[in-house]
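As structure tokens, the structure follows; a few thoughts come after it.
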Amino acid sequence: MAQRGGWIAAGLVCVGVGVAAGELVAAVTSPTVSPVSAVGQSVIDGMPSGVKDWAIGLFGTGDKSVFLASMILVIALLAATVGVLEGRRRGFGLAGIGVFGVLGIAAVATRAGVTSMAFLAPVVAAAVAGMLLAWVGRRFLRPAAATLHQPTLDGPTRRSFVRTMGVGAGVAVVAAGASVLIRRAAVVVVDLRARVRLPSPAIAAPPVPAGAVLGVPGVTELITPADAFYRIDTALVVPAVNSGTWQLRVTGRVDREVTLDFAQLLAKPMVEKYVTIGCVSNEVGGDLVGNARWLGWPVRELLALAGVQPGADMVLSRSTDGFTAGTPLAALTDAREAIIAVGMNGGPLPLEHGYPARLIVPGLYGYVSATKWLAELKVTTFAADQGYWSPRGWSALGPIKTASRIDVPRRGDTPGAGTIMAGGVAWAPERGISGVQVQLDDGPWQDAVLAAALNKDTWVQWKAPLAVAAGRHVLAVRAIDGAGAVQTSVPAPPAPDGATGHHTVEFTVG
Ligand SMILES: Nc1nc2c(c(=O)[nH]1)N[C@H]1C(S)=C(S)[C@@H](COP(=O)(O)O)O[C@H]1N2
Ligand SMILES: [Mo]
């Protein structure tokens with residue numbers, strides 16, 4: 001086999017495996033955006049409309065498959081070129097792969113609604129392709145210095161090279177096929193989701209009060225956009241739950257089991273409310289917390305339909321993928337008004353955040369309350385059942401602890417001397433925030449300016465003007481909840497029931 005032919009095959013197979021691996025990673029981590037489709041979409045978006053019209057006219061409704069086929073052809077040509085380049089000079093092909101990786105990342109970045117997860121796929125694709133090609137070159141194709149003039153790809157080496165290429169091609173086909181199947185399921189659901197018409201709320205959230213947004217640059221937005229909302233779950237593949245066949249069942253210690261489908265749920269009188277939810281794993285100063293406007297039906301009403309029997313003290317909610325959360329029955333029926341949420345910030349729930357329905361319970365960490373892709377509510381007891389995280393070192397009860405965070409200045413910032421505006425957010429869901437105080441270096445605690453609150457269940461922005469002289473400084477923050485309790489300064493790690501301690505930021509005034 002000619003050496004050049006070997007490099008072409010190596011380029012095709014190594015890049016093929018890389019691209020397929022990237023597609024597979026994308027299919028499981030980010031249901032709506034894949035590197036190949038993002039690149040394709042960018043090409044389509046960038047086409048002059050004349051060319052687009054001409055192509056559509058030429059290929060009719062087949063234009064999509066023709067386009068896809070041309071993309072695969074182009075990728076194959078580039079892959080062969082990468083192989084030949086690497087054969088010319090070690091590192092040339094790898095550099096080419098690096099360039100395509102960067103283009104993939106850039107293309108993903110242009111898509112609407114991308115999460116940081118979406119960037120993993122092009123990185124994986126480039127890394128896998130590059131590592132494979134380097135290895136194949138070393139192992140089979142690069143003549144050792146001493147035998148420079150002998151053909152290297154002969155006899156047993158050649159057979160083993162051909163076998164390796166065959167295995168690689170097989171892996172690429174299987175991975176690509178799997179990604180297509182996973183994505184096809186997601187596409188159906190994405191499509192259904194796009195057609196959901198949410199009911200208007202029977203009880204709407206009060207409008208955002210004047211003065212709820214302080215407008216300090218760098219401070220967290222009051223309402224977290226869905227695509228910036230933190231995501232935590234145990235799901236390897238984002239569940240693509242078909243709302244057409246989805247059902248929610250109420251089981252356990254109830255007078256009658258109740259089953260509800262999505263259309264029936266949407267027909268219930270909905271309430272709309274701002275609720276800040278947070279993860280128990282959030283470190284002091286961390287960003288595993290977000291605030292959204294949720295639309296949903298009070299859990300209390302569904303439990304009333306089923307008739308809760310005496311003795312029950314817990315509801316074990318279960319997701320379609322088997323995750324469970326154990327929530328105190330009282331927290332689902334009391335005045336905080338926990339809901340079965342179907343809407344987030346005006347749209348249906350994003351797939352990543354639990355489409356078609358999830359629980360939102362003010363005041364409780366997500367691991368004991370916020371079950372996404374909700375499938376079942378089992379009325380039970382803490383003695384008889386436990387949620388997913390309880391046997392894994394986390395407390396059975398998870399009320400959200402009072403917390404406050406400095407968003408500006410950031411660690412390592414170097415503002416000029418004079419007056420700087422510090423700011424951030426503070427939250428104590430259910431209790432509300434009555435004050436925030438900051439401490440500069442060893443100075444006294446001083447009151448920050450508190451924004452108007454949306455309600456007791458949401459975080460509140462704060463700001464504090466600080467006169468700072470040149471040199472290094474440390475700023476600390478603490479919140480005071482609605483009952484007047486001051487946030488503890490005692491540091492605690494997230495496990496078993498939530499981190500505590502003051503958030504501090506070091507910065508240097510130049
Ligand atoms: N099905 C399911 N729901 C889940 C989880 C999960 O692992 N699986 N994790 C919970 C945890 S620990 C948190 S903090 C919240 C996070 O919700 P979000 O991803 O919408 O921000 O979801 C909760 N609901
Ligand atoms: Mo969490």
Side-chain angles (χ1 to χ4, degrees), residues 28-31 113 115-117 189 193 220-221 223-241 246 248-249 274-283 286-296 299 315-327 331-332 338-345 347-378 386-401 403 427 429 457-459 493-499:
V28 300
T29 56
S30 130
T115 56
S116 45
M117 268 302 201
V189 173
R193 178 184 174 279
T220 311
E221 277 181 273
I223 297 149
T224 317
D227 58 13
F229 210 94
Y230 82 97
R231 176 190 159 199
I232 294 284
D233 52 64
T234 57
L236 196 55
V237 180
V238 175
V241 180
W246 174 87
L248 173 59
R249 300 197 314 135
Y274 290 97
V275 180
T276 296
I277 67 168
C279 184
V280 69
S281 301
N282 198 33
E283 304 276 355
D287 57 7
L288 300 181
V289 55
N291 183 45
R293 178 163 50 91
W294 307 98
L295 177 75
V299 185
V315 172
L316 190 76
S317 52
R318 181 184 301 276
S319 69
T320 56
D321 68 334
F323 169 86
T324 53
T327 311
L332 295 176
I339 56 174
I340 301 156
V342 294
M344 180 181 192
N345 292 340
L349 294 177
L351 267 57
E352 292 87 342
H353 296 291
Y355 178 81
R358 72 175 304 172
L359 284 181
I360 290 293
V361 185
L364 300 185
Y365 286 122
Y367 81 107
V368 289
S369 69
T371 302
K372 306 189 276 190
W373 315 292
L374 184 64
E376 183 190 351
L377 296 176
K378 179 187 178 193
Q386 46 186 353
Y388 181 89
W389 287 110
S390 294
R392 294 171 168 85
W394 298 86
S395 165
L397 298 179
I400 297 181
K401 295 177 178 176
W427 61 94
D457 295 326
T458 57
W459 61 21
D497 62 358

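Atoms within each ligand, like the ligands themselves, are counted from 1 in listed order.
Those atoms of ligand 1 that come under 4.0 Å of a heavy atom in Trp373, given as number and element, are 1 (N), 2 (C). Ligand-side atoms of ligand 1 in range of Ser319: 1 (N), range being under 4.0 angstrom from any heavy atom. Against a heavy-atom cut-off of under 4.0 Å, Thr234 is close to the following atoms of ligand 1: 6 (C), 7 (O). Remark: ligand 1 atoms within the under-4.0 Å shell around heavy atoms of Phe229 are 21 (O). For ligand 1, the atoms closer than 4.0 angstrom to any heavy atom of Asp321 are 1 (N). Per-residue contacts place Tyr367 under 4.0 angstrom from the following atoms of ligand 1 (heavy atoms of the residue considered): 11 (C), 12 (S). Contact atoms of ligand 1 toward Thr371: 3 (N), 24 (N) (distance under 4.0 Å to a heavy atom of the residue).
Within the 4.5 Å cutoff, no side-chain heavy atoms of Tyr355 are placed close to those of Val238. Using a 4.5 Å cut-off on side-chain heavy atoms (C-beta onward), Leu377 and Leu359 make contact. Between Tyr365 and Pro429 the shortest side-chain heavy-atom distance does not fall below 4.5 Å. Residues Val275 and Asn291 fail the side-chain proximity criterion, which asks for heavy atoms closer than 4.5 Å. Taking the side chain as every heavy atom from C-beta outward, Asp497 and Lys401 approach each other to under 4.5 Å. Looking at Val189 and Val241, their side chains never come closer than 4.5 Å, going by heavy atoms from C-beta outward. Side-chain atoms of Arg318 and Arg249, non-hydrogen and from C-beta on, never get closer than 4.5 Å to each other. Under the 4.5 Å side-chain criterion, counting only non-hydrogen atoms from C-beta, Thr327 is in contact with Ser369.
The shortest contact between atom 9 (N) of ligand 1 and any protein heavy atom is with Ile232 O, 3.4 Å. For atom 17 (O) of ligand 1, the nearest non-hydrogen atom of the protein is Arg358 NH2, 3.0 Å. Closest to atom 19 (O) of ligand 1, if we only count protein heavy atoms, is Lys372 NZ, 2.5 Å. Atom 2 (C) of ligand 1 has as its closest protein heavy atom Phe323 CD2, 3.3 Å. In terms of protein heavy-atom proximity, atom 10 (C) of ligand 1 is nearest to Gly366 O, 3.8 Å. In terms of protein heavy-atom proximity, atom 21 (O) of ligand 1 is nearest to Tyr230 O, 2.6 Å. Nearest protein neighbour of atom 24 (N) of ligand 1, counting heavy atoms only, is Ala370 O, 3.0 Å.
With a 4.0 Å heavy-atom cut-off, ligand 1 is reached by no atom of Val280. The backbone and the side chain of Cys279 each have at least one atom closer than 4.0 Å to an atom of ligand 1 (non-hydrogen atoms only).
A side chain to side chain contact (heavy atoms under 4.5 Å, CB included) with Pro362 is found for exactly one of Ile277, Asp457, Thr276, namely Asp457.
When all heavy atoms are compared, the tightest approach of Tyr367 to Gly398 is OH-CA, 3.8 Å.
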